[in-house]
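Computed from a predicted model, the values in this text were never measured in an experiment.
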Amino acid sequence: MTVTLHLKPEVEAGLLAQAQASGMALEQYLLSLAEEAALQANPSKTSLTGPGARAEAVRRMLEFGRKHHLSFGEPITRKFLHEGHRF
């Protein structure tokens, strides 16, 4: 389906900035927004692409890090990996 949108210049500029921040072309970004809105209306289907999927992936990685006591500030060393274990 082809859709033509008549956006106010300030709305277009805002969407373009969000698209660029997401590393997408404007059309691709708008498509991901439309897909996400459609999937939210039908929660039985999940999206593997788009801003919502990226946020969900980051949330899951952070949850994994908390569960396994990892952080971005600590280097992973043998001592750190085997902390609390007896050989």
Side-chain angles (χ1 to χ4, degrees):
M1 173 188 347
T2 301
V3 176
T4 302
L5 299 174
H6 300 282
L7 302 172
K8 295 178 184 176
E10 61 272 13
V11 172
E12 181 182 356
L15 288 169
L16 183 58
Q18 291 175 11
Q20 290 172 341
S22 297
M24 297 183 213
L26 181 57
E27 288 179 5
Q28 182 183 15
Y29 181 73
L30 291 172
L31 180 60
S32 73
L33 291 177
E35 288 173 347
E36 189 173 333
L39 291 173
Q40 287 177 358
N42 185 2
S44 65
K45 298 192 178 200
T46 58
S47 173
L48 298 177
T49 61
R54 185 176 298 147
E56 175 62 15
V58 170
R59 185 196 64 75
R60 290 174 53 199
M61 285 188 283
L62 291 172
E63 183 180 314
F64 178 86
R66 281 190 296 275
K67 178 180 176 184
H68 297 285
H69 309 290
L70 301 174
S71 76
F72 292 114
E74 300 174 18
I76 297 176
T77 63
R78 284 184 187 207
K79 180 182 176 188
F80 178 72
L81 287 173
H82 297 289
E83 189 175 286
H85 298 282
R86 296 188 181 219
F87 303 131

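- Taking every heavy atom of both residues into account, Leu30 and Leu15 meet most closely at CD2-CD1, 3.9 Å.
- There is no path of hydrophobic side-chain contacts, each under 4.5 Å, that joins Val11 to Leu31.
- For Glu10, the CD atom is densely surrounded, since the number of other residues' heavy atoms within 6.0 Å is greater than 12.
- Every residue meeting the side chain to side chain donor-acceptor pair (under 3.5 Å) condition with Gln18, not counting sequence neighbours, appears here in chain and number order: Tyr29.
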